[in-house]
Every structure is written in structure tokens, then in C-alpha cells.
Number of protein chains: 2
Amino acid sequence: MIGFKDLEQKLKDNGYKTTKQRRAILQVLYENVQRFISAEDIYNKTKEKFNTTNFSTVYRNLEILERLGIIHKTNIEDGISVYELICHREHHHHIICKKCGKTEIIDFCPFENIEHILDDKGFEATEHKFEVYGYCSKCKSDV
Amino acid sequence: MIGFKDLEQKLKDNGYKTTKQRRAILQVLYENVQRFISAEDIYNKTKEKFNTTNFSTVYRNLEILERLGIIHKTNIEDGISVYELICHREHHHHIICKKCGKTEIIDFCPFENIEHILDDKGFEATEHKFEVYGYCSKCKSDV
DNA sequence: ATGGCTGCAAACGTTTTGCACTTTT
DNA sequence: AAAAGTGCAAAACGTTTGCAGCCAT
């Protein structure tokens, strides 16, 4: 597991300054480990911590964090992107609760099962996506 | 494999009228079987066939076609949706070429491998996505 | 004091909508 | 004749950008 200090350090190491807004965004992400949250949610929660924060600032920082490999961006539903702190170093996939947004890591990657298929086809894979959507044990009772 | 007539019939059966625009959109999708294309591409190609077609008409029809299970919608890249005719009845996954948009079916579904994991967690899965992106044999040489 | 960082407002690209008109049935 | 479908223009949506001023270093 990665600590909050590590995150701030990684930013510093890469020449980024420590601003109040940036720290607040990082805190929000840190408090939502294992949960995909939207830019809007991040913006709102960041505002609670430090009320002069702007959408541009949020997006600009999310872009930096993604570039540094600190967060992971995906499109769960049409059009909207969601973000999550990367707290595990290994490649992995997710189970995602459509109600509360909670994610869990699946300890299985289907890629190795199809590598030979891709080789046969002469297909050069660059990325793959495996995600399971549904309702977690907590949420499935009250759907 | 599904024929073009079957598609028109399915629309009729569900109470949708056969208009020139709708037929042109359907034709474009039919000519691009096994290829994800964007709404913009569909719009342009539809215009070639029948030049009074509008973006609203394209989007409205794509929505209907998706609801009827005739096409499949995904987000390959940020923000833009791509569409593909569903021409196989069985559940399956895709290999997608990022250059030409060509898709191929992967004869493997990872879901069964993780069912027991989900059961253990008490997670109720409703959907899953497994997609492999990269470059097909034709495109990989000229990237 | 320099550079990066921010807030603001305006622009962006994709998609959706309201409404008057047209077409299919 | 009725219902559904269309085109148009305008709006909505999430996201990005240019710029002037601000703040961390």
C-alpha cells in the first residue's frame, strides 16, 4: 500500500509544486481508494476540503496524476470518465459496483488465455480491458 | 449471419417505420460488419447514400437500434462512442484494431473463470466487458 | 523573482432536445 | 388522418484551453 506522503513526494520528485488545491485533490483520491470516482465527485469533495477549487484545476491535476501513473482513468459509462488511485503495482482488473462505485480487484487476468489466439492472427495487442459490473454484497439487497 | 432483410423486419416488428434515412443508416452498418464505426462516420457514409440525413436522425436511430439489440455501442477512446452490428447471436468479446477499426471475435470468455470469485464475494454480476485493443496484421506494419 | 499553478470565462466536440414540418402507414 | 420520423437550431454535457494574476519555490 502507498502512503499519502509517497504521493506528494512523487509529485515533488517530478518538479510539481505542492499547492493547497493539489493536496486536497490528492486527499480526496486517497480517501476513495478502491473506488472509481468521477471528476465531478472529486471536484465537489475537494471543495469541501478547500473551497476555492476549480474544475480546470481538478482536470489539470488529474491529467498530471495519470501521466505520473498515480491514478487510473476509465470510462465506466457513456461519456464520463472515472478515476482511481493506483495502490497496487501489479497489472489487474476490477469488479465495479454500479450503485456505490466500490471496486475490487479480480485476481485473474484473461490475457494469457488468449495470447496464442492473438499470435495466430498476427494481432499486436497494446491494451486490454476486463471489467465486471454489478452489485456488491452490500448494495444488492437494496436495489 | 443475419441478413439485411432481417434487420428491416425487426424494426417493423417493433413498430418502427421504414424511412429512407433509416434504411441508409442500416445499410452503412451492414456494410461495416465486424468494424466499430463512430456516429460521425455513419453520418458521412449515410449522406453518401442519401444526402438529406441529419446528425440527430443518426443518433436517434442508433439509440433505437441499440435498444432493439441490433447494434452494440462501446467507447474505444475518451468521449467518442463507436457502434457495430451484432451479427452473431452468442455472447462474445472483441479484438479491436485501433487504426482501421476492424473487430474480430475472441473465442474465449473470461467470465466462467471468475464466477467462483464473485460468488465468494457475494457480488451479483450484471455485465462484463473484455476487449483487446491493438493493431491488426494489416495495420501493424504501417503504424 | 521566476516559474509553475490557479480561476475565470469562453470554446470545444460529441450527443441530446424542442419544435415545426414531412413522411409512412 | 394519425402516428412516427425528420431537419434545424439551440442546448446540454463533460472536458479543454487561453490568459491574467497568484503563489510556492
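Reminder, nothing fancy here: chain letters follow the sequence lines and each chain counts from 1.
Residues B:Tyr16 and B:Lys12 bring no donor and acceptor atom of their side chains to less than 3.5 Å of each other.
Using a 4.0 Å heavy-atom distance criterion, A:Phe55 is classed as making no nucleic acid contact. Nucleic acid contact class of B:Ser38 (heavy atoms, under 4.0 Å, all strands): none. In this structure, B:Arg60 reaches the bases: a heavy-atom distance under 4.0 Å links it to at least one base atom across the strands shown. Among the protein residues, B:Ser56 comes within range of the nucleic acid bases, having at least one heavy atom under 4.0 Å from a base atom.
Mapping B:Lys17 and B:Asn54 onto DNA chain D via the closest heavy atom, the residue that lands nearer the 5' end is B:Lys17. Place B:Thr18 and B:Tyr83 on DNA chain C by their nearest nucleotides, and B:Tyr83 ends up nearer the 5' end.
Whole-Å rounding puts the B:Phe50 CZ to C:dT22 C1' distance at 12 Å. B:Asn44 places its CG atom 11 Å from the P atom of C:dT14, with the value rounded to the nearest Å. Here D:dG5 presents its P atom at 12 Å from CD of B:Glu63, a figure rounded to the nearest Å. Here D:dT6 presents its P atom at 7 Å from CD1 of B:Ile25, a figure rounded to the nearest Å. Per the geometry, NZ belonging to B:Lys73 stands 14 Å off P belonging to C:dT14, to the nearest Å. One can place NZ of A:Lys12 at 16 Å from C1' of C:dC5, the figure rounded to the nearest angstrom. A:Tyr16 has its OH atom 18 Å from the C1' atom of C:dT2, to the nearest Å. Between A:Ile64 atom CD1 and D:dT16 atom P the separation is 13 Å, expressed in whole Å.
Proximity of A:Tyr59 to the phosphate of D:dT16: no side-chain N or O atom is located under 4.0 Å from OP1 or OP2. Contact annotation: A:Thr57 side-chain N/O to C:dG7 OP1/OP2 distance is under 4.0 Å. Contact between the side-chain N/O atoms of A:Lys20 and the OP1/OP2 oxygens of D:dA24 is found at a separation under 4.0 Å. Put simply, B:Asn61 has a side-chain N or O that comes within less than 4.0 Å of OP1 or OP2 on D:dT6. Considering only side-chain N and O atoms, B:Thr19 lies nowhere under 4.0 angstrom from the phosphate OP1 or OP2 of C:dT23. Neither OP1 nor OP2 of C:dT23 sits under 4.0 Å from any side-chain N or O of B:Gln21. An OP1 or OP2 oxygen of C:dT14 is reached within less than 4.0 angstrom by no side-chain nitrogen or oxygen of B:Ser81.
We find that B:Glu84 and B:Arg35 are not joined by a salt bridge, their nearest charged nitrogen and carboxylate oxygen being 4.0 Å or further apart. With respect to the salt-bridge test (charged N to carboxylate O, under 4.0 angstrom), the residues A:Glu104 and B:Lys121 qualify. Between B:Glu31 and B:Lys49 there is a salt bridge, since a side-chain N of the basic residue sits under 4.0 Å from a carboxylate O of the acidic one.
For B:Ala39, counting side-chain heavy atoms from C-beta on, the closest listed nucleotide (D:dT16, C:dT24, C:dT15) is C:dT15.
Proximity of a side-chain donor or acceptor of A:Asn44 to a complementary backbone N or O of A:Glu40 within less than 3.5 Å is detected.
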Inset, instruction - Mind running side-chain contact (heavy atoms from CB on, under 4.5 Å) on A:Thr74 and A:Tyr83 for me, showing each step along the way? - result: CA-CA 7 Å; A:Thr74 323; A:Tyr83 305 83; over 6 Å; no
